[in-house]
Amino acid sequence: MKIALIIFFFLCGGLTLPAQNRLDAPEMEQTFSPEEFSDVIKSVWDVVKKGVDEYQDATLTRSEFETAAEFESRLQQRHDEIVANIQAFVESKKISQRLFAAWLPAQLLKYNADTKTYGVTTATRILVPPSAPGIVTTCPQNTYVSLVETNKKGYKFAHLVLNAKPEYSWHVDKETAKAAKSNEQNVAFKVWFRLDLSHAIVGSQAQFTIVPVKIALINKGDNITYWTDDIIK
């Protein structure tokens with residue numbers, strides 16, 4: 001498991017600094033490519049994981065000269081310090097106030113002229129840190145977005161994916177559908193997320209929650225929003 005995490009960090013590590021810089025941006029709503037958003041998620045997740053590791057280390061360092069009561073008191077003090085450090089990070093970066101949007105290129109599959117519906121899907125996924133010892137990565141259940149964890153050759157991976165199997169049915173008139181198809185390279189889903197660290201560390205367990213807020217199908221070339229829907233308010 002640790003090897004898988006190291007590989008994930010290695011693959012994404014080159015973009016860590018820009019991701020941290022993005023969290024310093026004054027804009028409370030930012031839009032990224034899937035890869036850029038993955039880096040932002042990881043940079044925040046790293047802070048929580050560091051706190052989890054520090055707390056777990058503290059649980060292993062009971063001195064032979066400490067009573068059980070002294071050890072529990074010291075452990076609670078360390079827990080409170082770590083939680084305060086994470087909260088200070090959340091507040092300094094205004095994490096709870098930010099919206100992060102990601103583009104997911106769309107595929108227009110087939111238009112049904114009789115029902116005036118267009119099948120739309122996407123193959124793009126957003127890589128996120130998988131759950132690890134002491135920290136659970138979650139996404140609240142909803143209609144549009146799921147967090148999928150997989151194991152490949154002993155390595156654990158996690159992705160945010162659109163629930164697009166079967167494909168979405170986009171109700172649209174024929175002329176708009178034709179125009180969208182002719183400009184398909186610019187048609188994409190845009191999904192807005194917020195990061196919830198309100199349960200960063202509870203006891204010895206941490207929870208990192210990625211909350212999908214809104215989704216839209218947009219023509220980026222013409223700046224046209226074809227449809228939009230709230231996910232989780």
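This chain uses plain numbering: 1 for the first residue, then up along the sequence. None of these values were measured; they are calculated from a predicted model.
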*ring pair (Phe, Tyr, Trp, His ring centres under 6.0 Å) partners of F32, counting only residues at least two apart*: none
*Taking the side chain as every heavy atom from C-beta outward, state whether I218 and V187 have any atom pair closer than 4.5 Å.*
no
*Which pair of heavy atoms, one from W45 and one from A132, lies closest together, and at what distance?*
CZ2-CB, 4.4 Å
*With rounding to the nearest 0.5 Å, note down the distance linking NZ in K174 to OG1 in T176.*
12.0 Å
*Of all heavy-atom pairs between P140 and P212, which one has the smallest distance, and what is that distance?*
CD-CD, 4.3 Å
*Apart from V161 itself, which Ile, Leu, Val, Met, Phe, Trp or Tyr residues share its cluster (side-chain heavy atoms under 4.5 Å, direct or through members)?*
V148
*Atom CG of D173: over 12 foreign heavy atoms under 6.0 Å*: yes
*Going by atom types alone, do T122 and Q107 pair a side-chain donor with an acceptor below 3.5 Å?*
no
*How long is the gap from CD1 on I224 to CG on N183, to the nearest 0.5 Å?*
8.5 Å
*Mind checking the CD1-SG spacing from I210 to C139? Nearest 0.5 Å is all I need.*
7.0 Å
*For the residue pair L162 and V145, establish whether any side-chain heavy-atom pair is separated by less than 4.5 Å.*
yes
*Separation of Q205 CD from I135 CD1 (nearest 0.5 Å)*: 8.5 Å
*asked:* For R22, is there any backbone N or O sitting under 3.5 Å from a side-chain donor or acceptor partner on Q30?
replied: yes
*Any side-chain heavy-atom pair of V128 and S38 under 4.5 Å*: no
*For T138 and Q207, what are the C-alpha separation, side-chain angles and deciding distance, and is it a side chain to side chain contact (heavy atoms under 4.5 Å, CB included)?*
CA-CA 7 Å; T138 67; Q207 183 168 303; 4.0 Å; yes
*asked:* Donor-acceptor pair, distance only, cut-off 3.5 Å: does the side chain of E184 make one with the backbone of L108?
replied: yes
_I want to check something: taking the side chain as every heavy atom from C-beta on, are L195 and V211 in contact at a cut-off of under 4.5 Å?_
no
*If you look at every heavy atom in L99 and R194, which pair is closest and at what distance?*
CD2-CB, 4.3 Å
_Among residues at least two apart in sequence or on other chains, which ones pass ring pair (Phe, Tyr, Trp, His ring centres under 6.0 Å) with F100?_
none
*asked:* Hydrogens and angles aside, do Q87 and E91 bring a side-chain donor and acceptor to less than 3.5 Å of each other?
replied: yes
*Would E81 and N85 satisfy side chain to side chain donor-acceptor pair (under 3.5 Å), going step by step from the backbone distance to the final call?*
CA-CA 6 Å; E81 290 172 352; N85 289 339; over 6 Å; no
*Would you please name every residue forming a side-chain contact (heavy atoms from CB on, under 4.5 Å) with N112, sequence neighbours left out?*
D114, T115, T117
*asked:* Within the 3.5 Å criterion, strictly below it, is a donor on D46 or S43 matched to an acceptor on the partner's side chain?
replied: no
*Which pair of heavy atoms, one from A188 and one from W103, lies closest together, and at what distance?*
CB-CE3, 3.8 Å
_Exam field: side chain K156 to backbone S131, donor-acceptor pair closer than 3.5 Å_ = yes
*Steps toward side chain to side chain contact (heavy atoms under 4.5 Å, CB included) verdict (F89, V44)*: CA-CA 9 Å; F89 168 79; V44 179; 4.1 Å; yes
*Determine yes or no for a side-chain-to-main-chain donor-acceptor pair under 3.5 angstrom, with E36 supplying the side chain and S33 the backbone.*
yes
_K214/D229 ion pair, N-O < 4.0 Å_ = no
_For D230, all residues meeting salt bridge (Lys or Arg N to Asp or Glu O under 4.0 Å), sequence neighbours excluded_ = none
_Can you list everything that forms a salt bridge (Lys or Arg N to Asp or Glu O under 4.0 Å) with K178? Sequence neighbours excluded, please._
none
*Which heavy atom of V52 sits nearest a heavy atom of A206, and at what distance?*
CG2-CB, 3.3 Å
*Please indicate whether K94 has more than 12 foreign heavy atoms, meaning atoms of other residues, nucleotides or ligands, lying under 6.0 Å from its NZ.*
no
*Side-chain H-bond candidate by donor/acceptor type, N186 with D222, under 3.5 Å*: no
*Return the minimal non-hydrogen interatomic distance between K49 and P133, and the atom names on each side.*
CE-O, 4.3 Å
*If we only count heavy atoms from C-beta on, is the W192 to I231 side-chain gap below 4.5 Å?*
no
*asked:* Given Y118, which partner from the list W227, Y111, Y226 fulfils the ring-ring contact (aromatic ring centres under 6.0 Å, His included) test?
replied: Y111
*Name all pairs fulfilling the side chain to side chain donor-acceptor pair (under 3.5 Å) condition that reach into residues 157-167, sequence neighbours left out, sorted by first residue then second.*
S146-N163
*Quick one: side-chain contact (heavy atoms from CB on, under 4.5 Å) partners of S96, sequence neighbours excluded?*
none
*Hey, does the side chain of R98 reach the backbone of K93 with a donor-acceptor pair shorter than 3.5 angstrom?*
yes
*Those residues that, when tested against P105, pass side-chain contact (heavy atoms from CB on, under 4.5 Å) (two or more places apart)*: T124
*Nearest 0.5 Å please: distance from the NZ atom of K50 over to the CD1 atom of I82.*
8.5 Å
*Residues forming a salt bridge (Lys or Arg N to Asp or Glu O under 4.0 Å) with R74, sequence neighbours excluded*: E66
*Can you find a pair of side-chain heavy atoms, one from K152 and one from F157, that are under 4.5 Å apart?*
yes
*Any side-chain heavy atom of V213 within less than 4.5 Å of one from I232?*
no
*Got a second to check how far I41's CD1 is from D39's CG, nearest 0.5 Å?*
9.5 Å
*asked:* Restricting to salt bridge (Lys or Arg N to Asp or Glu O under 4.0 Å), what partner residues turn up for E70, sequence neighbours left out?
replied: none
*Count the heavy atoms belonging to other residues, nucleotides or ligands that lie under 6.0 Å from CD of Q76, then report whether that count exceeds 12.*
yes
*Flag the pair F193 / F37 as yes when their ring centroid distance falls below 6.0 Å, and as no otherwise.*
yes
*Which residues pass the side-chain contact (heavy atoms from CB on, under 4.5 Å) test with S73, sequence neighbours left out?*
none
*Is a side-chain N or O of T228 found less than 3.5 angstrom from the main chain of I215, in a donor-acceptor match?*
yes
*Quick one: are F189 and Y168 in side-chain contact, heavy atoms under 4.5 Å?*
yes
*asked:* For R62, I'd like to know if atom CZ has over 12 heavy atoms of other residues, nucleotides or ligands within 6.0 Å.
replied: yes
